[in-house]
Protein chains: 4
Amino acid sequence: MKKSKVLASVKDERLIEKRRGQMVKGAVTLFKEKGFHQTTTREIARAAGFSIGTLYEYIRQKEDVLYLVCDTIYDQVHMRLEQDIDIKLGTIESLKQAIKSYFKVMCDMQDEVLIMYQETKSLSKEALPYVLKKETNLATIFKEIIESCVESGELTLSEQECELIAHNIVVQGQMWAFRRWELQKIYTHDQYIELQTKIILQGIYKK
Amino acid sequence: MKKSKVLASVKDERLIEKRRGQMVKGAVTLFKEKGFHQTTTREIARAAGFSIGTLYEYIRQKEDVLYLVCDTIYDQVHMRLEQDIDIKLGTIESLKQAIKSYFKVMCDMQDEVLIMYQETKSLSKEALPYVLKKETNLATIFKEIIESCVESGELTLSEQECELIAHNIVVQGQMWAFRRWELQKIYTHDQYIELQTKIILQGIYKK
Amino acid sequence: MKKSKVLASVKDERLIEKRRGQMVKGAVTLFKEKGFHQTTTREIARAAGFSIGTLYEYIRQKEDVLYLVCDTIYDQVHMRLEQDIDIKLGTIESLKQAIKSYFKVMCDMQDEVLIMYQETKSLSKEALPYVLKKETNLATIFKEIIESCVESGELTLSEQECELIAHNIVVQGQMWAFRRWELQKIYTHDQYIELQTKIILQGIYKK
Amino acid sequence: MKKSKVLASVKDERLIEKRRGQMVKGAVTLFKEKGFHQTTTREIARAAGFSIGTLYEYIRQKEDVLYLVCDTIYDQVHMRLEQDIDIKLGTIESLKQAIKSYFKVMCDMQDEVLIMYQETKSLSKEALPYVLKKETNLATIFKEIIESCVESGELTLSEQECELIAHNIVVQGQMWAFRRWELQKIYTHDQYIELQTKIILQGIYKK
DNA sequence: AATGAATGAGCCTTCATTCAT
DNA sequence: TATGAATGAAGGCTCATTCAT
């Protein structure tokens, strides 16, 4: 299964899972508020509910926390999407459903999305591609859904177009996170979903 | 007009302008490469071509540099847009033109866009809204262009829709900056502009 | 007899002996390589073949390990000397034999000798004199051998001279350990022994 | 001339010289007392009379202080020897004089000698050979003096013997430093010099 | 105006030691 | 007895900021 690349001194795998859970939860709260660089390892430890010494039993460097946070965020997004989405149906309705589901996840994880946008660059050269890969996977999911629609004849699009639209969907979902102060003034999130979906589909439909 | 809120010890306004120019230029290069927090005030001073002491004659805190950088970036964007765009025409063609022009600016300023996305949150509570305002202005420009088209009868859209589409355009322009590694694999930037424009307009056109 | 001053939580004397044996063996290897301060208690435990918790069942502080190591080294030196040396003979030949034997031990225990020279000062004020005493005993052994030769009329030396020569012998034996890189270039250890012995005796002989 | 390999942030060479002087002086006092590892960089800074920040303007790592200390000690030894010693004379008397002079230096620098013996191994792989070279030079000086005596016919010795005796002299000079508690009980340092000189020469003289 | 040496708060990280299991 | 997770004091080092020249 998933094999985290972050080394721990502690051997009990279940404990590692648990402690890192606490760690990530505390860290997300702090990163939201003050960002990665402004957050102290001591603060992370305290927010996680243990001492600084214990923190370093489960990671090697501060950056590992960021990696773990990013990793966890994407895993959560994927988990929630997998529950709601069925890629292979090939109907416009299923695409609508996927957009709606994804946009809702993005809304629920607004703060986490922001962290990803802002702190990703602080990852080391080794960790970065691993995290970016996960971001790419997100676009791939939508690309596949759209391609299913093309195959089923519901849509007529080139592969290039499929991919671009997939990227657009991904970004427009995240958009709520980093433009929320502007957007909230005019729409509720439900309205936002509805309107964006309409525009997206209108941009696609074969005439 | 523009009245910078950053205080300087030096009195000569022309010198302030000049030194801050050097400063911002050096800082942008460094921020691109390592980010705001990883960049040292000393490095900024050196990149600007003067000593750390001199740096502090023209700013009060490190954060001022970030503010100046963000400020400058938006000014540059606006300046270039103003040259190319005519808001009042009310033709689809002028909207196309505006999108094209804006997307090109965003491509030229890829790195600067990334800085804005990643470092903005490090601005102080006082400076932040000032910078965000400029971002909002960008959307407003497009909103106005689209509304011109509505007024001239070229398009039929609610105000809500106009605003959302404006935001979409702004974000899709920036998208090239933070997804370039993915997007470059499939399109040249010109193709990207063309395709996005097509999709945007298709999402709008009255049928 | 020997009554170690290092306290243990464990009661079984035989086990204490055994575990401390493992401990010292591992520690010597590590101290050779990285020195006392650079060596971690965890590393010592691992090298000894048990856990950090167990280590602390047999010592009270890290420094105890150093004490045990020093103690063991001197015991080994003495043990080997006792096998080879006969103090009371009073012949030049027996002195030669003693020097040869001692020099050979020093050569075999080069690394241990270095540890003694370099780490001794890290012992606590209580442990230090106890270890230094053992070093002094070494000189005393040679002093007694030389004095035997004086008593038997083979040599004519004051007590002062006897003691100084004893110290010289002790130090010249150790010299191979901390100047080996220089000395090895010119002599084998056997040549070294022979030459030093010749010079020592020449410095003593009644003319 | 001498070009220290330790990098400084400060540019003024004279200031570097001065501050490092203060630094080394303070450090020697502390290292004598508690050894390199037990001494804090903060303590070094305080002993030198400036802040921790300033300390790091003149070195890169703590180890640099040790290097500087070792370097300085050897330079001092050499400086004092150069004043007193004339290598080329080729007389027994000049050898005696050199021994006396060297032994006196070693007596004056007892504590420094101990530092060298105990802390040298804490130098990095790069710095170590540089320092060891200086130690070797010391032996070379005596070797040359002895060889002058051989050339002038005052002594009859092989090159091997010359070198060994040189090493013996160097070590016996240092011996006072690390065995002083034993030796002081029996001799004054002047007596020590006299006696050792006698033994050394007796071990050499052609019969 | 310009310089750069000085400062010290504060951060990341290590590691000896303890203690519940 | 043996284990190893937990602790937190302490240390090395950085860097924004100041100020005398």
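Within every chain, numbering begins at 1; the chains are lettered A, B, ... in the order of the sequence lines, protein sequences first and strands thereafter.
Along DNA chain E, the stretch of nucleotides lying under 4.0 Å from any heavy atom of chain A spans, 5' to 3', E:dC11 to E:dT14.
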Output a table of donor-acceptor pairs, distance under 3.5 Å, between side-chain atoms of residues 49-57 of chain D and any protein atom two or more places apart or on a different chain; print 'none' if there are none.
unit_1: D:Ser51; atom_1: OG; unit_2: D:Gly53; atom_2: N; d: 3.4
unit_1: D:Ser51; atom_1: OG; unit_2: D:Thr54; atom_2: N; d: 3.2
unit_1: D:Ser51; atom_1: OG; unit_2: D:Thr54; atom_2: OG1; d: 3.2

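Within residues 24-41 of chain C, the residues approached by DNA chain E to less than 4.0 Å at the level of any non-hydrogen atom are C:Thr39, C:Thr40, C:Thr41, in residue-number order. Listed by residue number, the members of residues 59-66 of chain B with any heavy atom below 4.0 angstrom from DNA chain F are B:Gln61, B:Lys62. Within residues 43-56 of chain B, the residues that place at least one heavy atom under 4.0 Å from DNA chain E are, in residue-number order, B:Phe50, B:Ser51, B:Ile52, B:Gly53, B:Thr54.
Two residues are said to be in side-chain contact when any heavy atoms from C-beta on lie closer than 4.5 Å; C:Lys32 and C:Ile115 meet this criterion. Under the 4.5 Å side-chain criterion, counting only non-hydrogen atoms from C-beta, D:Asp111 is not in contact with D:Val28.
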Next on the checklist: In dot-bracket form, 5' to 3', how is DNA chain F paired? Count Watson-Crick and G-U wobble pairs only if both distances fall under 3.5 Å, and write | where the partner sits on another strand.
Outcome noted: .||||||||||||||||||||
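Considering only residues two or more places apart in sequence or on other chains, A:Glu33 meets the side chain to side chain contact (heavy atoms under 4.5 Å, CB included) condition with none of them. Residues satisfying the side chain to side chain contact (heavy atoms under 4.5 Å, CB included) test with C:Ser122, not counting sequence neighbours, are C:Phe36, C:His37, C:Leu66, C:Glu119. For C:Lys25, there are no side chain to side chain contact (heavy atoms under 4.5 Å, CB included) partners at least two apart in sequence or on another chain. When the side chain to side chain contact (heavy atoms under 4.5 Å, CB included) test is applied to A:Leu114, the partners found at least two apart in sequence or on another chain are A:Gln118, A:Phe178, A:Arg180. In this structure, C:Gln76 has no side chain to side chain donor-acceptor pair (under 3.5 Å) partners at least two apart in sequence or on a different chain.
Judged by distance alone, with hydrogens and angles left aside, the side-chain atoms of C:Asp71 form no donor-acceptor pair with the main-chain N or O of C:Tyr67 at under 3.5 Å.
Between D:Arg42 and A:Arg42, the residue anchored nearer the 5' end of DNA chain E, judged by the nucleotide with its closest heavy atom, is D:Arg42.
Note: B:Ile16 CD1 to B:Arg14 CZ = 12.0 Å, rounded to the nearest 0.5 Å. Atom OG1 of residue D:Thr40 and atom CG of residue D:Leu30 lie 9.0 Å apart, to the nearest 0.5 angstrom. One distance of note links CG of A:Leu128 with CD of A:Glu126; it measures 10.0 Å at 0.5 Å rounding. One distance of note links OH of D:Tyr130 with NZ of D:Lys5; it measures 5.5 Å at 0.5 Å rounding. Considering CG of C:Asp12 and CZ of C:Arg19, their distance stands at 9.5 Å, rounded to 0.5 Å.
The phosphate of F:dA2 has OP1 or OP2 within less than 4.0 Å of a side-chain N or O from C:Arg19.
Pairs engaging residues 34-49 of chain A under the salt bridge (charged side-chain N to carboxylate O under 4.0 Å, His left out) rule: A:Lys34-A:Glu43 [sequence neighbours left out].
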